[in-house]
Amino acid sequence: MVYECIVIGAGIQGSFTAYHLAKNNKNTLLLEQFVLPHSRGSSHGQTRIIRKAYEEDFYTHMMEESYELWAQLEKEAGLKLYRRTGLLLMGPENGKDFQLIKNSVQRNKVPTVVLERHEFSQHIPNVNLTSGDAAIVETTAGVLYADRALRAAQMVFQSHGGVIKDGEKVINIKPGDLITVTTDSGTYQAKNLVITAGPWAKTLLSHTGLQLPLQVLRINVCYWKEKVPGSYSISNRFPCFIQMQPKEAEHDIYGLPSNEYPGLMKVCYHMGSETEPDERDRQTDRRDVDALSTYISRCFPGLVPVPAVVESCMYTVTPDNNFVLDRHPTYSNIVIGAGFSGHGFKFAPIVGKVLCELSMGQNPSYDLSPFSIQRFQDNPK
Ligand SMILES: Cc1cc2nc3c(=O)[nH]c(=O)nc-3n(C[C@H](O)[C@H](O)[C@H](O)COP(=O)(O)OP(=O)(O)OC[C@H]3O[C@@H](n4cnc5c(N)ncnc54)[C@H](O)[C@@H]3O)c2cc1C
Ligand SMILES: O=C(O)[C@@H]1CCCC=N1
């Protein structure tokens, strides 16, 4: 049988692409190398942050529709996937990055509240605002229930007739008008192919002669114990947070209120050390955990500054941290979604929509120039 489309990789981006294709009546096969569910890629775990506050207008604009599509999936699956918590953004008052994001939320009318230093502790107890830092709260931001969302997208895909074959690793791709995809247990043909292989994208794309500047990082996902259980919890209305330019580290630190593991709050570093995706746990660099401990001692005095639980996950990053959403430069019936750079989950309904549009030969609903492959060829370094 010839499929209209094969999607390789059943992480959140591939699952949402397959979801949109099936809803457009395209006969679609979703291939996944591991038995589902699994915790070896980038989409596993209980939670992710959803927000509109971005420095770049194009991300904020995409998030407007993304919230609507998440609500649509909640309805279709009959599951709660989003919980509003607000997002506290802290950063050097006169720093460039903080100013850019503050101006962007004002320009784009993202609902936000500015917290003056004198009123900060009244609204956000148990957090020390760094001297010289300012704070704003994006009020409609919150938490996405990640594992549940991934299952929901796959479930709705199947309910529209889509086929998932898990535990099948793609080992070869033969481009052509009819594309042949070989796995370790079968061969399939399709008119169109979408590659959403997360940390394995570089390897898979090499079968099509394409090299992209993607770097895979292992992220230590750290949970910290509350000294008083519940003090940083969702039920106590504690928000998600992003600390820009912390004193202890070069990159942002972010956290989510305690919820999934009662008594533990997730606080992570937005960077990691390079790894091979198949040997993720050979990477044992813990300098990020040391920096997090110092930050927590200084700014979150209600947490024990030694992680209680460390899980792992991977980022696949591009040089400019913008995604890759494009057609293959040589084979127009191969579409690529890659390089989500540690911030792609919240966009998955839109990513899936535009990858589906590209694959159906339609004009995409958004300007995809920030996500083009050409940008790497223009700036090869
Ligand atoms: C710790 C952490 C925190 C994050 N926090 C946030 C956040 O707060 N907000 C946010 O918006 N985003 C966040 N992200 C980013 C977000 O989770 C990712 O951008 C997103 O999950 C990427 O999804 P993906 O589908 O591209 O990759 P993946 O989930 O890795 O999916 C790719 C799939 O392809 C499969 N595959 C690969 N090769 C093959 C093959 N040869 N054959 C068959 N299958 C194959 C893999 O097994 C995998 O299942 C975070 C990421 C991490 C790691
Ligand atoms: O994407 C997000 O919102 C989170 C928080 C900031 C760093 C990366 N992921």
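Numbering starts at 1 and runs along the sequence shown. Both ligands and their constituent atoms are indexed starting at 1 by order of listing. Just the heavy atoms: all of them, side chains too, but no hydrogens, waters or symmetry mates, feed the values below.
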Has [X] got any heavy atom lying under 4.0 angstrom from an atom of ligand 1?
X: Y254; result: yes
X: G342; result: yes
X: H38; result: yes
X: K169; result: yes

Counting from 1, what ligand 1 atoms have a heavy atom of [X] closer than 4.0 Å?
X: P199; answer: 30 (O)
X: F340; answer: 19 (O), 26 (O)
X: G41; answer: 30 (O)

I want to confirm something. Looking only at heavy atoms, which of [options] is nearest to [atom]?
atom: atom 24 (P) of ligand 1; options: E311, Q13, M63; result: Q13
atom: atom 28 (P) of ligand 1; options: A146, A201, G352, S42; result: S42
atom: atom 41 (N) of ligand 1; options: L256, V170, T47, L36; result: V170
atom: atom 19 (O) of ligand 1; options: G255, G339, G344, S43; result: G344
atom: atom 17 (O) of ligand 1; options: H44, K346, R48, Q33; result: R48
atom: atom 5 (C) of ligand 2; options: Y254, F340, Y269; result: Y254

Residues [X], [Y]: salt bridge by 4.0 Å N-O rule:
X: E276; Y: K202; value: no
X: E64; Y: K52; value: yes
X: D177; Y: K191; value: no
X: R218; Y: D285; value: no

Checklist entry - Counting from 1, what ligand 2 atoms have a heavy atom of H343 closer than 4.0 Å? => result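 Contacts of ligand 2 toward H343, numbered from 1: 1 (O).
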
Next on the checklist: Could you tell me, atom by atom, which parts of ligand 2 come under 4.0 Å of a heavy atom of R51?
Outcome noted: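 Answer, ordered by atom number: 1 (O), 2 (C), 3 (O), 6 (C).
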
Checklist entry - Do D133 side-chain atoms and L129 backbone N/O form a donor-acceptor pair below 3.5 Å? => result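 The answer is no, because no donor-acceptor pair under 3.5 Å joins these two groups.
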
Next on the checklist: So does E274 get a backbone contact from the side chain of Q283, meaning a donor-acceptor N/O pair under 3.5 Å?
Outcome noted: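 Present.
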
Item to check | Short N or O distance, F345 and ligand 1, threshold 3.5 Å exclusive | outcome: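 There is such a contact, yes.
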
Next on the checklist: If the contact criterion is a heavy-atom separation under 4.0 Å, does I242 count as touching ligand 2?
Outcome noted: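 Yes, I242 has heavy atoms under 4.0 Å from ligand 2.
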
Item to check | Residue-ligand contact K346/ligand 2, heavy atom below 4.0 Å | outcome: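 Under 4.0 Å: yes for K346.
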
Next on the checklist: Applying salt bridge (Lys or Arg N to Asp or Glu O under 4.0 Å) to K353 and E65, what does each step give before you reach the verdict?
Outcome noted: CA-CA 11 Å; K353 180 176 170 177; E65 189 186 355; 2.6 Å; yes

Checklist entry - Taking heavy atoms and a distance under 4.0 Å, where does E168 meet ligand 1: side chain, backbone, both or neither? => result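 Only the backbone of E168 comes within reach of ligand 1.
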
Checklist entry - Ring centres of Y254 and Y269 under 6.0 Å apart? => result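 Centroid separation for Y254 and Y269: 6.0 Å or greater.
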
Next on the checklist: Could you check, using the six-membered ring where one of them is a Trp, whether Y145 and Y82 have ring centers closer than 6.0 angstrom?
Outcome noted: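 They do not qualify: ring centres at least 6.0 Å apart.
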
Next on the checklist: Considering both backbone and side-chain atoms of H270, is one of its nitrogen or oxygen atoms within less than 3.5 Å of a nitrogen or oxygen in ligand 2?
Outcome noted: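 It does not: no N or O of H270 is found under 3.5 Å from an N or O of ligand 2.
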
Checklist entry - Among D326, V324, T196, T208, which one satisfies side chain to side chain contact (heavy atoms under 4.5 Å, CB included) with I336? => result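 Only one of D326, V324, T196, T208 forms a side chain to side chain contact (heavy atoms under 4.5 Å, CB included) with I336, namely V324.
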
Next on the checklist: side chain to side chain donor-acceptor pair (under 3.5 Å) for K266 and T47? Distances and angles first, verdict last.
Outcome noted: CA-CA 9 Å; K266 176 153 93 177; T47 51; 3.1 Å; yes

Checklist entry - What orientation do F323 and F340 show, parallel under 30°, tilted 30 to 60°, or perpendicular over 60°? => result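 The arrangement is tilted - the two ring planes meet at 30° to 60°.
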
